[in-house]
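I have placed the structure first, in the form of structure tokens, so that the comments after it can refer back to it.
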Amino acid sequence: MNSLIEILPTDITTLKVDAIVNAANTSLLGGGGVDGAIHRAAGPELLAECRTLNGCETGNAKITKGYRLPAKVVIHTVGPIWHGGTRGESGLLRNCYLSSFRLARLNDVKSIAFPAISCGVYGYPPLKAACIALSVARDEATEGHFDRIVFALFTAETLKAYRDAAAELNL
Ligand code: APR
């Protein structure tokens, strides 16, 4: 395993990293899953800031402060809804990771944690999603900007998928 990249069974809201990434929807006004957990942990100021952002397109990302979270900032990205793989889902998911890393670099984020974007309500197959997430992370890790890239996995299924994908990619 590349030493910068960690696969952890954990609640992303507990992590003391520069940035955590939220798997949001295009409204950026909150929801269930990890989005709900992040808003609950950050407090109402997060929603107030999100209201000023005018939403976010699928595959893109926007940044806010972290408020009551241990993380300094939250990068909100919108994953694709899985429709069987024929509607550009893989490119859109890849763009989520690319946009989030780009925004992180621009904001001097050195440590970043991701959930399994699109692998909950949006139905993306976890192994396919993990291969995309880890291959983008591997490219970022070799660029030298980041000290720590964490994948915070909340379910046994996603944890296994990420471990299997890491083995497949020889990480
Ligand atoms: N920490 C880390 N991961 C979590 C947490 C948490 N606290 N809570 C849930 N997860 C996991 C889920 O188990 C799933 O594996 O995050 C992964 C992503 O699931 P969702 O939160 O459902 O996100 P997604 O599939 O991208 O769907 C986005 O859900 O909540 C809404 O507003 C959100 O409409 C958007 C949609």
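Every number for a ligand or one of its atoms is a count from 1 in the order of the listing.
Counting only non-hydrogen atoms, the option in Thr10, Leu15, Asn25 that gets closest to atom 34 (O) of ligand 1 is Asn25.
Leu4 is not listed as a side-chain neighbour of Arg148, based on a closest heavy-atom distance of 4.5 Å or more. Side-chain contact check for Leu46 versus Thr64: some heavy-atom pair is nearer than 4.5 Å.
What sits closest to atom 31 (C) of ligand 1 on the protein, heavy atoms only, is Gly32 N, 3.7 Å. The protein non-hydrogen atom at the shortest distance from atom 15 (O) of ligand 1 is Thr158 CG2, 3.7 Å. The protein heavy atom nearest to atom 7 (N) of ligand 1 is Asp11 OD1, 2.9 Å. Distance from atom 23 (O) of ligand 1 to its nearest protein heavy atom, with residue and atom name: Ala23 CB, 3.8 Å. Protein heavy atom at the shortest distance from atom 16 (O) of ligand 1 is Val34 CB, 3.9 Å. Atom 2 (C) of ligand 1 has Ile12 N, 3.6 Å as its closest protein atom, hydrogens excluded (heavy atom only). Closest protein heavy atom to atom 4 (C) of ligand 1: Phe154 CB, 3.3 Å. In terms of protein heavy-atom proximity, atom 25 (O) of ligand 1 is nearest to Gly120 N, 2.8 Å.
For atom 12 (C) of ligand 1, no protein non-hydrogen atom is found at a distance below 4.0 Å.
Residue contact annotation: Ser118 has a non-hydrogen atom under 4.0 Å from ligand 1. At a 4.0 Å cut-off, at least one heavy atom of Ala116 sits close enough to ligand 1 to count as contact.
Of all the heavy atoms in Ala23 and Ile117, the pair that sits closest is CB-CA, 4.2 Å.
Under 4.0 angstrom from ligand 1, the non-hydrogen atoms of Thr155 all belong to its side chain.
Using bins of under 30°, 30° to 60° and over 60° for the plane-to-plane angle, the ring pair Tyr162/Phe151 lands in the tilted bin.
Between the side chains of Glu49 and Tyr67, at least one donor-acceptor pair of N or O atoms lies under 3.5 Å.
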